[in-house]
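Here the structure is laid out as structure tokens; the discussion comes afterwards.
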Amino acid sequence: MTDSDANKMWGGRFQMSPAEIMEQINASIDFDKRLARDDLAGSTAHAEMLAAVGIITNEDKSAIHKGLKQIGEEIESGKFQYSRALEDVHMNIESRLKELIGEPAGRLHTARSRNDQVATDFRLYVRGQLDAFDAGLTALQMALAVKAKANAATVMPGFTHLQPAQPVTFGHHLLAYVEMFARDRGRFQDARKRLNECPLGAAALAGTSFPIDRAQTAAALGFDRPTANSLDSVSDRDFVLETLAAATICAVHLSRMSEEIVLWTTPQFGFLKLSDRFTTGSSIMPQKRNPDAAELCRAKVGRIAGALNSLVIVMKGLPLAYSKDMQEDKEVAFDAFDSLTVAVAAMTGMVEDMQPQPDAMRKAAGYGYSTATDLADWLVRELKMPFRQAHHVTGSIVALAEKQGVDLEALSISDMRSVEPRITDAVFSVLSVENSVASRTSYAGTAPHNVEKSAGIWLAQLEKQRQTG
Ligand code: ARG
């Protein structure tokens, strides 16, 4: 590729080659080559349609299809030579097509522009990512539901403010994340529905004078319909913003879960163990076992939210229709998609690998008078005390236990009666952590029976989705 070749891209008006720095700021090929497969699909569909409506001949179409197929093979095998002087993936492919088939290559760009071309390519690419996120999250939900079922009755502390609150089961805690990832999948599926309209044929911004069939290209590329306004078609990047917004929320969920893995694998908590496969050692401290994968999953949200922020700012205030600013949509989005992909896969691996430590969880579940609410509930149920009064009485009993340095269970009945004389021995039945969780049978509560049932429902549903998805 020489300078004079580069000028020919823009036809007769350009006589000077671009400044070196111009090429550097302008070229997107280093990153948009990721769109090559989608660009070939778009061009293949466009040529088919051009021939079907009689804008190009069938011979030209066949030559174009043959050339595009060969380019596809060159790209797959790594033989394709990308050139920066040709700016982007669209020009690189068209230029190679011309080398391969000559004049018919020049007819491919009839009734389209790079503006609708890039909008189409990127929609196809993002759609593929959305489908991959759905599959990855389904696998993660599966891993969580399997662990949850096995730990439906594993008692652990439940926290609020990171202070011991009430006992829960480990299975219940894991199913909380299954719900979050279900909502994430829902957001990705919603984004996919809105994304799935085809901009191809909007041309530069105004549509075209050629008798194109936009419904045909839309259907050929698996879109539900063509986009309805040519200006909007080339200037819209909502589909990227929406995907990044959903990815950010998903990354927040992964980050929260990661933080719990980091905390729970410390010797201080000791609730979980990760094997050598998901930990690293220290070069100086031989005893260390660091949860690096969880820490990195915790951190990925930074780049993903950063990508969303970056593109929101790029798009803000852009007049219609296409502006070159929009080329800045790709690098950040690619990075965010890669980050989410690896974080979901690593989290799935960690969930499969993690070994809960029921003894440590059980012991910690009793810390901090975690069954105090059960005592208050007993006073309400058995003594018909108003809850506010029961709360007060229980507070005094907890204070007494605290003074003696014992658990609620270990307090004598006479000590309890010194606070409320109507308390009977029957109260002890509600003070163990096992009885506490077993009593939480309200819909969506933590009772082992509930957890076992929800995990089973999730597993059946996820298995079905994996088969049909
Ligand atoms: N590389 C460009 C992008 O990513 C393709 C569209 C260029 N369009 C144009 N009118 N210069 O946005």
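Given the structure is predicted, the values throughout are model-derived calculations rather than measurements. Remember, it's 1-based here, ligands and their atoms both numbered in the order they're listed.
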So if I count the atoms of ligand 1 from 1 in the order they appear, which ones are less than 4.0 Å from some heavy atom of [X]?
{"X": "Asp88", "answer": "1 (N), 2 (C), 5 (C)"}
{"X": "Asn115", "answer": "8 (N), 9 (C), 10 (N)"}
{"X": "Ser28", "answer": "1 (N)"}

Heavy-atom distance under 4.5 Å between the side chains of Leu200 and Phe223, does that happen here?
no
Nearest protein heavy-atom contact for [atom]: which residue, which atom, what distance?
{"atom": "atom 11 (N) of ligand 1", "result": "Arg114 NH2, 3.3 Å"}
{"atom": "atom 4 (O) of ligand 1", "result": "Lys330 NZ, 2.6 Å"}
{"atom": "atom 7 (C) of ligand 1", "result": "Tyr322 OH, 3.5 Å"}

Look at [X] together with [Y] and state whether they make a salt bridge at an N to O cut-off of under 4.0 Å.
{"X": "Glu87", "Y": "Lys33", "value": "no"}
{"X": "Glu74", "Y": "Lys79", "value": "no"}
{"X": "Glu48", "Y": "Lys61", "value": "yes"}

Quick check: Gln327 and ligand 1, any N/O pair under 3.5 Å apart?
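N/O-N/O distance under 3.5 Å: yes.
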Got an N/O contact under 3.5 Å between His90 and ligand 1?
no
Within 6.0 angstrom of Arg37 CZ, more than 12 heavy atoms from elsewhere
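No, not enclosed.
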Indicate whether the side chain of Gln327 and that of Tyr322 have a donor and an acceptor atom separated by less than 3.5 Å.
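Judged by distance alone, the side chains do not pair up.
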